[in-house]
Amino acid sequence: MGIALAAACGDEPPALPEIAAAPIERVVEDPSDAPLAGLSEEELVRFEDGDARFELPFREAQGLGPLYIHRACTSCHEDDARGPGAVRRIVRRGADAPALPWGDVVRPRMTAGASVPVMAPAHPAIGEAVRLAPAVFARGLIEAIPDAAIEANARRGTGGRVARLRDGRIGRFGHKARTATLDEFVADALLGDMGLTSPVRPEELPGPEGIRDDAKPGVDVSDEEIALLADYVRLLAMPRREARDGTVFEEIGCATCHLPSMRTRDDHPVRALRDVDAAIYSDLLLHDMGDGLADGIEEGAASGREWRTAPLVGVRHLRGLMHDGRARTVREAIDAHASEGSEANEVVARWRALGEDEQRALITFVEAL
Ligand code: HEC
Ligand code: HEC
C-alpha cells in the first residue's frame with residue numbers, strides 16, 4: 001500500500017497522508033457510473049441530480065465543517081468505488097487508554113473558524129485503524145433484499161449471524177453492517193465525513209473547541225438532498241461483468257459467505273429493483289474473521305472481530321482489497337482471511353491445497369467480478 005499526500009486546498013491545514021493503494025488489475029474496462037436499466041423518466045432525473053451532488057465538493061457556505069474529513073463523496077468513492085480518501089478510526093487498546101470525548105474518528109480538516117482538529121491522542125494505548133470505503137454501486141439491490149433472505153442465510157449452519165440492530169432492523173451498510181438503510185447511511189456520511197447537519201442528524205459532532213455550528217447557521221442539508229444522494233446510490237447499476245467459471249469458488253467454499261446471488265423483494269417501490277437476482281456475492285451476515293483482521297471496534301451489532309461479508313460485486317473496480325486496503329491482489333486478500341479464530345480458516349486451507357491451475361481459475365473468476 002502506498003501513501004500519497006492529499007492536495008492541500010486554500011482553507012485547509014497542511015496535507016495529510018491518505019491511502020493510495022494500487023488498484024488491482026482491471027480485466028474489464030467499463031464505466032461504473034451508470035443508472036439501472038429500465039428506470040422511469042422521474043427516477044432518471046433523480047439519479048442525475050444525485051450524481052452531480054455526489055461529485056460536487058461541499059463549500060464552507062453550505063455548512064461544511066467545522067471539522068471534516070473530505071469535501072466530496074467522490075473523494076473517498078472515486079468512480080463509485082473505493083478511495084483514494086479514507087477514514088481513520090481511533091482505537092483504544094486497553095482500560096488505561098484515555099477516553100475519546102470527541103468520538104473515534106479522526107477529523108483533520110477545519111472551516112468556520114475552527115483551529116483544533118480531532119486527532120488520535122498520543123498515548124501508548126491508542127492506535128489508529130484505517131477504513132477504506134466499500135463501493136456504492138449495486139447497493140440499491142442490497143437494500144432491496146428481504147430480511148427473510150438474510151435470516152435464512154444465518155440458518156444454513158455455515159456460520160455468520162444477522163447484524164440485528166438495537167431497534168430490531170437488520171444492518172446492511174458499512175463494513176460492520178451498522179446501518180439499515182441508504183438514506184440513514186448518507187445522513188451519517190454527511191455528518192461524520194463532512195460536518196453537514198440535516199433534519200435527521202441536526203447536531204454538529206462534538207469537537208475540542210465546543211463549536212456548535214458552522215458558516216451556515218442551523219441545519220445544513222435538507223431531507224430532500226439526502227434522498228437525492230441516496231437515490232443516486234440506490235439507482236446505480238450493477239457493474240457489467242464477463243461470465244467466468246466459478247466452479248472452484250463454489251467448491252472450496254468461498255461461496256458460503258460470498259453467496260453469489262440473492263433475490264430482491266417483489267414489492268420494491270422502484271420497479272427496476274423488484275424481483276431480480278442480485279449477484280452481490282455476499283450473504284450480508286457478520287463473520288468472525290479472526291485476530292488478523294480484528295480492529296477492536298464494536299459497531300452496530302458487530303464485535304471488534306466481526307465484519308460483514310464484503311460484497312464482491314464490482315471488486316475489479318476497487319483500489320486495495322479488505323476494509324483497510326491491506327491486500328493488493330486477490331491472492332493477498334485470500335491470505336488475509338486466515339488467522340487465529342477466523343471462520344474462513346478451513347476455506348483458506350482448501351485454497352492452499354489447490355493445484356496451480358485451479359488457483360489460477362479461481363483468481364481469474366474473482367478478478368472479473
Ligand atoms: C472521508 C471519506 C468518505 C467520504 C467523504 C464519504 N464516504 Fe462513504 N464511506 C466511507 C467509508 C470508510 C465507508 C465504510 C464505513 C465503515 O463501515 O466504517 C463508507 C461507506 C459508504 C456507504 C455504504 C456502502 C456499503 O456497502 O456498506 C455508502 C452508501 C456511502 N459510503 C455513501 C457515501 C456518500 C453518499 C457520501 C457523500 C455524502 C460519502 N459516502 C462520503 C468513506 C467516505
Ligand atoms: C467466513 C466467511 C468468508 C469466506 C469463507 C470467504 N470470505 Fe472473503 N471476505 C469475507 C469478509 C467478512 C470480508 C471482509 C473483510 C475485511 O474487509 O476485512 C471478505 C473480503 C473478501 C475480499 C475483499 C473484498 C473487498 O471489498 O475488499 C475478497 C477479494 C474475498 N473476500 C475473496 C474471497 C475468496 C476468493 C474466498 C475463498 C477462497 C473467500 N473470500 C472466502 C468473508 C469470507
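Along the sequence shown, the residues carry numbers beginning at 1. These numbers were taken from a predicted model, which means no experiment stands behind them. Start at 1 and go down the list; that is how both ligands and their atoms are numbered.
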In ligand 1, which numbered atoms sit nearer than 4.0 Å to a non-hydrogen atom of [X]?
X: Leu132; result: 12 (C)
X: Leu190; result: 38 (C)
X: Leu182; result: 29 (C)
X: Arg178; result: 16 (C), 17 (O), 18 (O)
X: Ile69; result: 1 (C)
X: Phe54; result: 34 (C), 35 (C)

### Task
Tell me, please: is Gly253 in heavy-atom contact with ligand 2, that is, under 4.0 Å?
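Yes, Gly253 has heavy atoms under 4.0 Å from ligand 2.
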
### Query
So, Asp266 and Arg274, do they make that salt bridge, N to O below 4.0 Å?
no

Answer side chain, backbone, both or neither: which part of [X] comes under 4.0 Å from ligand 1, heavy atoms only.
X: Tyr232; answer: neither
X: Ile142; answer: neither
X: Met194; answer: side chain

### Message
Looking only at protein heavy atoms, which one is nearest to atom 18 (O) of ligand 2, and what is the separation?
### Response
His323 ND1, 2.6 Å

### Query
So which protein heavy atom does atom 26 (O) of ligand 2 come closest to, and at what separation?
Arg82 NH2, 3.1 Å

Using distance alone, decide if ligand 1 has a nitrogen or oxygen within less than 3.5 Å of any nitrogen or oxygen in [X].
X: Gly174; answer: yes
X: Arg131; answer: yes
X: Arg308; answer: yes

Can you sort out which atoms of ligand 2 are near [X], meaning under 4.0 Å from one of its heavy atoms?
X: Leu321; answer: 27 (O)
X: Glu343; answer: 1 (C)
X: Trp307; answer: 12 (C)
X: Leu293; answer: 18 (O)
X: Leu318; answer: 25 (C), 26 (O)

I'd like to know if the side chain of [X] and the backbone of [Y] have a donor-acceptor N/O pair within less than 3.5 Å.
X: Arg107; Y: Leu67; result: no
X: Thr179; Y: Glu184; result: no
X: Glu48; Y: Val45; result: no
X: Asp283; Y: Asn153; result: no
X: Arg263; Y: Asp275; result: yes
X: Glu55; Y: Ala52; result: no

### Query
salt bridge (Lys or Arg N to Asp or Glu O under 4.0 Å) between Arg155 and Glu151: does it pass, once the steps are laid out?
CA-CA 7 Å; Arg155 284 195 304 268; Glu151 286 160 348; 5.0 Å; no

Please output the side-chain donor-acceptor pairs of residues 131-143 that fall under 3.5 Å, not counting sequence neighbours, one pair per line with the distance.
unit_1	atom_1	unit_2	atom_2	d
Arg131	NH1	Glu299	OE1	2.9
Arg131	NH2	Asp295	OD2	3.1
Arg131	NH2	Glu299	OE1	2.8
Arg139	NE	Ala135	O	3.0
Arg139	NH1	Phe137	O	2.9
Arg139	NH2	Ala135	O	3.4
Glu143	OE1	Arg234	NE	2.6
Glu143	OE1	Arg234	NH2	3.3
Glu143	OE2	Leu182	N	2.8
Glu143	OE2	Arg234	NH2	3.2

### Query
Is it true that atom CZ of Arg352 has more than 12 heavy atoms of other residues, nucleotides or ligands lying nearer than 6.0 Å?
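It does: Arg352 CZ has more than 12 such atoms within range.
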
For residues [X] and [Y], is any side-chain donor paired with an opposing acceptor at under 3.5 Å?
X: Asp80; Y: Tyr232; result: yes
X: Glu209; Y: Ser115; result: yes
X: Asp183; Y: Thr181; result: no
X: Gln359; Y: Arg331; result: yes
X: Asp291; Y: Ser339; result: no

### Message
Would you say the ring centers of His323 and Trp307 fall short of 6.0 Å from each other?
### Response
yes

### Option whose closest heavy atom lies nearest to atom 42 (C) of ligand 2, chosen from Met289, Glu306, His287, Glu346
Met289

### Query
Which is closest to atom 27 (O) of ligand 2 by heavy-atom distance: Met322, Glu367, His175?
Met322

#### Entry: Heavy-atom gap Ala72 to ligand 1 smaller than 4.0 Å
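The answer is yes, since Ala72 has a heavy atom less than 4.0 Å from ligand 1.
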
### Message
Any atom of ligand 1 sitting under 4.0 Å from a heavy atom of Arg53?
### Response
no

### Message
Using the rule given for salt bridge (Lys or Arg N to Asp or Glu O under 4.0 Å), can you reason through Arg46 versus Glu224, listing the C-alpha separation, both sets of side-chain angles and the distance that settles it, and then say yes or no?
### Response
CA-CA 11 Å; Arg46 293 185 69 80; Glu224 174 61 0; 3.2 Å; yes

### Query
Which protein N, O or S atoms lie under 2.8 Å from atom 8 (Fe) of ligand 2, given by chain and residue number?
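Listed by chain and number, the atoms are His258 NE2, His337 NE2.
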
### Query
side chain to side chain donor-acceptor pair (under 3.5 Å) between His287 and Thr309: does it pass, once the steps are laid out?
CA-CA 7 Å; His287 293 274; Thr309 303; 3.2 Å; yes

### Task
Mind listing the protein N/O/S atoms less than 2.8 Å away from atom 8 (Fe) of ligand 1? Waters don't count.
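Listed by chain and number, the atoms are His77 NE2.
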
### Query
What's the verdict on salt bridge (Lys or Arg N to Asp or Glu O under 4.0 Å) for Glu128 and Arg89, showing C-alpha distance, side-chain angles and the deciding distance?
CA-CA 6 Å; Glu128 270 196 24; Arg89 300 288 295 257; over 6 Å; no

### Message
Parallel, tilted or perpendicular, judged at 30° and 60°: which one describes the rings of Phe173 and Phe185?
### Response
perpendicular

### Message
Rounded to the nearest 0.5 Å, what separates atom CZ in Arg156 from atom CG in Leu285?
### Response
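Rounded to the nearest 0.5 Å, the CZ-CG separation comes to 6.5 Å.
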
### Task
Using a 4.0 Å heavy-atom threshold (strictly under), name the region of Asp324 that reaches ligand 2: side chain, backbone, both or neither.
neither

### Query
Residues two or more places apart in sequence or in another chain: which of them pass side-chain hydrogen bond (donor to acceptor under 3.5 Å, both in side chains) with Asp167?
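Asp167 satisfies side-chain hydrogen bond (donor to acceptor under 3.5 Å, both in side chains) with Arg169 once adjacent residues are dropped.
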
